[in-house]
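Residue indices begin at 1 and follow the sequence shown. Side chains are part of it too, since the values below use all heavy atoms of this structure and drop only hydrogens, waters and symmetry mates.
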Amino acid sequence: MTTHVESNLRRDFTWILVAYATAICVGAAVYIGCTRMGEGPVLAMLYADIAGTLAIFAFSQMFSNTSFYDAYWSVAPPLIFLGWLATAPALDLRSVLVFVLVCLWAVRLTHNWGRGWMGLGHVDWRYVDLRVKTGRAYPLVDLAGLHMFPTLIVFTGCIPLLRIAHLQAPLGGLDAVWLAVGFGALYLEWRADNVLRAHRLQRERDTDVLREDVWAWCRHPNYVGEMGFWLALAIAGHILFADVWNWLGFVLMVLLFVCISIPMIDKRQLANKPDYARYKAEVPTLIPRLKRSPGA
């Protein structure tokens, strides 16, 4: 028997699907239109990505819920890569391997979002705090800072995918590096997510600090994995065309996590969990330890 909560969650998820189907259609139409007008693949895809983001922003405004955008981070990259692969002169083994990595990353991240999603009645605490701080300016902050800013960072991180799609070269030693980094990062993110989810389901108090498994190695193993994924793309792109654009996205990702995401989370944890100060003092931020910290 379907409960009222389950019925509402199903209805809300349907709206998410409608929003993303709309964004994909809008983005595809813009990309096709731009390419037919002679626009290059980078700008055509950038315009398409921005158009898709604007579509999601429209739904965010319609439902007064910025969390509509949350899944965009993981949904956009495989679609961007598909668009570039569709215009590639050929498909080689490297392209296939990168596509598998990107798809597995996207499925894992989207699934982790979906299983923790609580419906349209819930908004991420970061957005709630920002709305309080910015007041009437929030819609502009929402569009520029919470929709367009991450879209542009992710798009920049995807630039190596264009090189991988359109350029071919035999596999070599560096391919073993990005494969190890990429799939290792994917496993680390998967493990960190599952350990965290189990902790949330089993903890006795909301103030309990997780410091087990990979969370005893560093405080943000999920971010280590995420940065590792983008590093893998940068290395793979560098193999085919060595320039700064392959690395810019990865650098921006590191800055985003180190300068914005991690300080925000640490501040919130310190305010809500009395034992977090000790955990923060004993466990490094990002560089994993090979053994558990004292007292873990």
Side-chain angles (χ1 to χ4, degrees), residues 8-31 45-83 102-103 105-158 189 193 222-223 226-227 229-230 249 252-253 255-257 259-262 264-265 268:
N8 287 343
L9 196 61
R10 198 170 293 174
R11 178 203 62 200
D12 291 351
F13 191 71
T14 299
W15 276 115
I16 293 292
L17 292 177
V18 169
Y20 278 83
T22 302
I24 290 170
C25 290
V26 169
V30 170
Y31 183 68
M45 190 61 74
L46 176 59
Y47 297 150
D49 200 10
I50 290 174
T53 301
L54 289 174
I56 295 299
F57 177 71
F59 279 90
S60 296
Q61 292 297 295
M62 191 186 312
F63 287 86
S64 298
N65 192 326
T66 303
S67 286
F68 255 97
Y69 181 82
D70 289 351
Y72 200 90
W73 182 286
S74 56
V75 170
L79 296 176
I80 290 172
F81 197 23
L82 270 177
V102 172
C103 286
W105 168 84
V107 169
R108 184 212 62 79
L109 191 54
T110 307
H111 173 260
N112 191 59
W113 162 81
R115 66 180 178 175
W117 189 62
M118 294 180 284
L120 293 177
H122 173 76
V123 183
D124 188 285
W125 60 269
R126 286 162 286 204
Y127 308 151
V128 174
D129 288 351
L130 198 57
R131 182 186 288 272
V132 172
K133 292 177 181 177
T134 57
R136 297 174 67 177
Y138 180 73
L140 181 60
V141 173
D142 189 11
L143 173 60
L146 301 180
H147 283 76
M148 285 302 169
F149 179 65
T151 286
L152 294 176
I153 288 182
V154 170
F155 183 82
T156 305
C158 288
E189 287 189 283
D193 288 341
N222 49 342
Y223 288 157
E226 187 67 11
M227 287 184 282
F229 167 77
W230 295 103
L252 291 175
M253 290 289 175
L255 292 175
L256 174 65
F257 292 131
C259 299
I260 299 177
S261 298
I262 290 174
M264 287 180 67
I265 291 175
R268 179 178 173 84

List the steps, then state whether side-chain contact (heavy atoms from CB on, under 4.5 Å) holds for Leu152 with Leu46. CA-CA 8 Å; Leu152 294 176; Leu46 176 59; 3.8 Å; yes

Between Ile80 and Asp49, does the side-chain contact (heavy atoms from CB on, under 4.5 Å) criterion hold? Intermediate values first, please. CA-CA 8 Å; Ile80 290 172; Asp49 200 10; 3.8 Å; yes

With a 4.5 Å heavy-atom cut-off, do Asn65 and His122 have their side chains touching? no

Taken in chain and number order and not counting sequence neighbours, the residues that satisfy ring-ring contact (aromatic ring centres under 6.0 Å, His included) with Tyr223 are His220, Phe257

As an exercise, state the distance from CG of Leu17 to CG of Asp12, rounded to the nearest 0.5 Å. 11.0 Å

Heavy-atom nearest pair, Pro139 first then Gln61, reads CB-OE1, 4.1 Å

Going by the angle between their ring planes, with limits at 30° and 60°, are Trp113 and Trp117 parallel, tilted or perpendicular? tilted

Any side-chain to backbone donor/acceptor pair from Ser67 onto Asp124? Under 3.5 Å, distance only. yes

Distance, nearest 0.5 Å, that separates CD1 of Ile24 from OH of Tyr20: 9.5 Å

Does a side-chain heavy-atom distance below 4.5 Å link Arg131 with Val141? no

Testing the basics here: between Val154 and Met253, what is the closest heavy-atom pair and its distance to 0.1 Å? CA-CE, 3.8 Å

Note: Trp125 and Met264 closest approach over all heavy atoms is CH2-O, 3.7 Å

Given the rule in the side-chain contact (heavy atoms from CB on, under 4.5 Å) test, do His147 and Tyr72 qualify, once you have shown the distances and angles that lead to the verdict? CA-CA 9 Å; His147 283 76; Tyr72 200 90; over 6 Å; no

Atom CG of Leu79 and atom SG of Cys158: how far apart are they, to the nearest 0.5 Å? 10.0 Å

Could you pull out the closest heavy-atom pair between Ala19 and Phe68, with the gap in Å? CB-CE2, 3.7 Å

Atom OH in Tyr127, atom CG in Leu146: separation rounded to 0.5 Å? 6.0 Å

Quick check: closest heavy atoms across Ala106 and Ser74, and the distance to 0.1 Å? CB-O, 3.3 Å

Please state whether the rings of Phe59 and Trp15 are parallel, tilted or perpendicular, taking 30° and 60° as the class boundaries. tilted

Smallest separation among heavy atoms of Leu256 and Trp73, with atom names: CD2-CH2, 3.6 Å

Can you tell me how far the CD atom of Glu189 sits from the CG atom of Asn112, to the nearest 0.5 Å? 9.0 Å

Leu143 side, atom CG; Leu54 side, atom CG - distance, nearest 0.5 Å: 6.5 Å

Please report the C-alpha distance between Thr151 and Tyr69 in whole Å, then the side-chain angles of each, then the deciding distance to 0.1 Å, and finally whether the side-chain contact (heavy atoms from CB on, under 4.5 Å) criterion is met. CA-CA 10 Å; Thr151 286; Tyr69 181 82; 2.6 Å; yes

